[in-house]
Structure formats: structure tokens, C-alpha cells
Amino acid sequence: MNARLRLCFGFILAGLLAFAGCSVLEQGTQILGQAETVVEKGEKAVDTAKKLRSAFSDFSEEEEYYIGRSVAAIILGQYPPLNNAALNRYVNKVGNAVAMFSERPEIYAGWHFLVLDTDEVNALAAPGGFIFITKGLLKRCPDEESLGLILAHEVGHVVAKHGLQSIKKANLTQAFTAIGTEAIQAYGPAELAQVTSAFEGVLSDIVEKLITRGYDRKYEYEADELAVNIGSGTGYDPNGISRFLQTMVGDKSAVSGKGWFKTHPTPEQRLDRVKSEIAGLQTVPSIAVVRTQRFKSAVASLK
Amino acid sequence: MKISKGTVMAALVLTALCLGAAADGWVVKVQTTALRKNPQFYAPVVANLKAGELLTQVSASGAWLQVKTAAGATGWVHKSAVEVPRYALMASAGGARTQAAASQAALAGKGFSKQVEDAYKAKNKGANFAGVDRMLQVKVTPAEVKAFLDQGRLGATGGAQ
């Protein structure tokens, strides 16, 4: 190879190397650039994480359970449970059947249902899957479909976290501030007092909505919608809820005092919405005699 | 452009974590659940799972995830029983000590806990916690629900998701 050719090769090689080098450099820069973006994203993610504990949905499944336990304890401090193991077991089967067809079949400590020994017409759902139905409401149910749809309505409240959504912003902030971010085995006395006070604020917001004032109408309508979907998904005739609501139309005794119709929209308003919801279903299951029979024998002991 | 080695390392670690943890890592969020042989609540139980247990996704079918446990068992869990371990991911992104602490707090169930309930209970004698505990004792197994659905000719339209 002569000198000129060698020089030429040299140039080509240098050019190739330079090109390759540039390319590598470029790629390297790109990678580093991407790395920076990733780091930025990481930092943003960490910032987001700080903000994560600010909304009702940021309570962990376990925290929701502990909130629900206390709300349930307050309810059971006001209404005694019905001492009827067989009936409670039957209600738990209907409730667990519909819960299985909800968006949240699995919940921290499982779904639990209980009949309350009062003639008030009411049903209540505490966060975490604690659901109550009064003897008075049960006596008004004409069939298992109605009971299934009412329990699906309550399951719907829990699935959509309507209880946690009732917590006022100030109490949410107080709660997340008191809880803090440090991992500790147990709270010291001063911190415990702060966290407990925040806990009380959270509970009082939920109980006020649940028992005294009632959820916002939009939540009740949403729960009815969910009831129609969950109920019909389970195989229940969704008109069961209409058959129950119909028994309430114009009934002043059920609307007065504490109870479901003190805290819910009127039966007429709900009937209208439920009707159009059912009209939108692809398949509407029919009522079955076998279910009505087992319902009648389960509630036969109620007086 | 000036980028320190540390930044690049952090970026690589973060990328690996993003790819590894976010894509197929899950953590059990309910107190207990079952790893099942098939994607159905009444399918045979392969193993029992507890809150905080980490799982790796193998595949998915509807609302069910096929996962592998740390012990190597493979089976199905319903997606409502698990969540993405987001706090763990954030915490590992590097240097975020507070977030690491937050993650442990969240994963260890700190915040509103048994200790807080006990403090509340001591101040509020009217709340009936014994009644709540009795309510929790009534349990209906998936097999019982299945028998109840079958006996009542239910479950045909939707199928337990």
C-alpha cells in the first residue's frame, strides 16, 4: 500500500471513527438526557408521593377498615343487633353473593352484614364493608331480589367509598398531618392524642352524613345505579328494588324520624331513575320462585 | 451537559425499578386472601396470602391476576385484593428518606391502627366494639356463596368476575 492510499484509508477510518464516535456520543447524550428525564420524573413522582396522602382515597385498605370498625361500633352503640343467628347468616349469604359481583369482592377483613333490632326503615354501610339493615326494612322487602338489591346499594356505597368521601377537607388534612410520614412502631402519648383527635374528626364527619344528614343525592343515585348493575350481574331481577321502593311511596311513617327516607331522596325520584337504569341493561334477569321461597322462610320468624 | 455518576446510577436504579416493580409487582392489601388454582373465588386454594406479601405477575384474565409468590407458588388472585406497591417504588427512587419512611408506615399499617382504636375506645364507652367483633365472627366462605348462588339459580348472567 502506497503512502497516498494509506493516507486515504487513514482519512476514511478517522471519518468512520468520528462518525461512530459522534453516534455513540449522541446516543450517550440521548441516554443521559433520558436519564435526566427519568430522574426528573422520579423527583416528580416523589413530589407526587408527598401529595398522595391528601385525598380520601389515600387511606390504606387497613386504615379504611379501622375507620369502618369505629363507625360500626358507633352504629351498634345506637341500635342493638337482632339476636337471630339463622336470619343473620341468610342476610350474610345474600350480601356476600352480591359483593362477589361488585368491583370490590375482596375487602380488608371481608364483607359483613348484620340485622339491627329496630322497626325504623334503614340500611347503613360503614367503610371497610360493615353493612347494617334494620328489621323494619327487612319486613318491607317482598322477596330476595329486593333484599339483594338493597344490600347491593349499600355495597355500592362502600365500593365507591362514599363514607370516606364525606370527610371534610380540614379533617383529612388534620388526619394526614397527625399521622405523619415517619415509620414508628407505636405513637408516643402526645402523638397518639393528636392522631386520636384527628380520628374522631374523621368519624364524626362520616357518622353525621351516614346517620344524621344523609349522603348527597348524587351518591344515593350512584349507589342505586351500582345496585342495579351489581344486582342484575348476580342474577337478581333488578326490579326488586322498585318493588321495595313502591311500598314506601306515600308512607309517612317510614319517612318521618330517623331512617333511610329521612336521609335519602324520595321513593318517587329514585323509582324514576332506577327504571331508566334498568331499561339500559342488556339482560334483565327474572325473579325465581326458589329464591322467594327461601326468603320467606328466612324472615318468617320476624315480628 | 454535566451529569454526575450518582445521577446516572440513580437513573438506572429508578429505570430498573420502574420496569421491574411497576410492570408486574403487586402487594396484598387485604388482611388475608387465597392464591387459587383457577381465576374463580371457589377454585381450590394453592396457598394462603397475608397483607404485605409481594407477588410477581405472570399473566392476567379479566379481573384476575396470575401471580407467583416469593416462595415460588403460582396461582390466581382477584385484583381487588392487591395493589401496586407504589410507596416502595417511590421510596427506592433514591434519597427520599421521608418517602421511605412513609412507605414503611403505610405498608406496616401505621396511621389509623389498633393503637388509635384503643385510644378512641377508652374515651368513647358508648361505642360497641364487642358487637363489631361478634359481627366479624360470622363468615361466609366462597364455597358457601357458590352453593347459595347455585341453589338460588343465580350467577348465570355475570359469572363471579
Side-chain angles (χ1 to χ4, degrees), chain A residues 29 32 35-36 38-39 42 45-46 49-50 53 59-63 66-67 69-70 72-74 76-77 81 88-89 92-93 96-97 100-101 103-110 112 114 130 144 179 181-184 186-187 192 195-196 199-200 232-236 283 285 288 290-291 294, chain B residues 1 3 7-8 10-12 14-15 29-31 33 41 51 78 80-81 86-87 90 93-94 96 98-99 101-102 104-106 108-117 119-120 123 126-129 131-132 134-136 138-140 144-145 148-149 151-158 160-161:
Chain A
T29 312
L32 290 173
E36 272 209 332
V38 170
V39 169
V46 171
K50 277 182 195 162
R53 299 273 284 181
F59 283 115
S60 70
E61 185 97 359
E62 189 179 4
E63 285 173 319
Y66 276 106
I67 293 169
R69 274 180 62 89
S70 286
I74 293 168
L76 286 176
N88 274 317
R89 182 137 205 98
N92 268 281
K93 284 183 180 174
N96 273 280
M100 194 181 265
F101 288 84
E103 289 281 309
R104 212 176 166 187
E106 296 253 29
I107 196 158
Y108 191 75
H112 297 276
L114 187 64
F130 298 89
E144 189 175 299
I179 288 167
T181 50
E182 292 297 320
I184 45 165
Y187 293 112
L192 183 60
V195 178
T196 308
F199 188 59
E200 285 169 333
S232 58
T234 311
Y236 284 121
T283 344
V290 62
R291 297 197 289 269
R294 71 181 177 188
Chain B
M1 193 187 328
I3 298 162
T7 311
V8 176
L12 291 175
L14 182 64
T15 312
K29 67 172 176 174
V30 294
Q31 204 166 30
T33 190
F41 283 109
H78 191 271
S80 60
R86 54 184 171 168
Y87 289 103
M90 302 295 178
T98 315
Q99 294 315 312
Q104 288 155 26
K110 294 300 164 201
F112 292 158
S113 59
K114 177 85 172 58
Q115 192 197 10
V116 179
E117 179 184 298
Y120 174 79
K123 282 170 70 185
N128 181 1
F129 283 94
V132 177
R134 276 194 295 275
M135 187 177 177
L136 282 163
V138 179
K139 287 176 184 149
V140 182
E144 284 175 293
V145 176
F148 185 77
L149 289 168
Q151 197 251 338
R153 295 180 200 146
L154 292 163
T157 54
Q161 302 166 31

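Both backbone and side-chain heavy atoms feed into the values below; hydrogens, waters and symmetry mates do not. Naming convention: chains lettered A, B, ... in sequence-line order (proteins, then strands); numbering from 1 in each chain.
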Pick one of side chain, backbone, both or neither for B:K139, based on which atoms fall under 4.5 Å of a heavy atom in chain A.
both
Partner chain B: residue of A:V195, A:I67, A:N88, A:L192 with the largest heavy-atom pair count (under 4.5 Å):
A:L192
Contact summary for A:T196 and B:A119, nearest pair of heavy atoms:
OG1-CB, 3.4 Å
Among the options B:G131, B:A51, B:A81, pick out the one with the most heavy-atom pairs lying under 4.5 Å from chain A.
B:A81
So, the part of A:I107 with a heavy atom under 4.5 Å from chain B: the answer is backbone
After noting the C-alpha distance and the side-chain angles of B:Q151 and A:K93, does the key distance pass the side chain to side chain contact (heavy atoms under 4.5 Å, CB included) rule?
CA-CA 12 Å; B:Q151 197 251 338; A:K93 284 183 180 174; over 6 Å; no
Distance to the ring centre below 6.0 angstrom and angle to the axis at most 45 degrees; does that hold for A:R294 and B:F148?
yes
Here the gap from A:S60 atom OG to B:K29 atom NZ, rounded to the nearest 0.5 Å, amounts to 10.0 Å
Which atoms of B:V116 come close to chain A, meaning under 4.5 Å heavy atom to heavy atom: side chain ones, backbone ones, both, or neither?
both
What distance do B:L154 atom CG and A:M100 atom CE have between them, rounded to the nearest 0.5 Å?
12.0 Å
Those residues that, when tested against A:R291, pass salt bridge (charged side-chain N to carboxylate O under 4.0 Å, His left out) (two or more places apart):
A:E145
Find the distance between CD (A:E103) and OG (B:S80) and round it off to the nearest 0.5 Å.
9.0 Å
Under the side chain to side chain donor-acceptor pair (under 3.5 Å) test, residues paired with B:Q31 that sit two or more places apart:
none
Heavy-atom pairs under 4.5 Å with chain B are the metric here; pick the option from A:H112, A:E144, A:R104, A:R89 that has the most.
A:H112
Expected output: side-chain B:Q115 to main-chain A:Y187 donor-acceptor under 3.5 Å:
yes
When rounded to the nearest 0.5 angstrom, what distance separates CE in B:M135 from CG in A:L76?
6.5 Å
Parallel, tilted or perpendicular: rings of A:F199 and B:Y120 (30°, 60°)
perpendicular
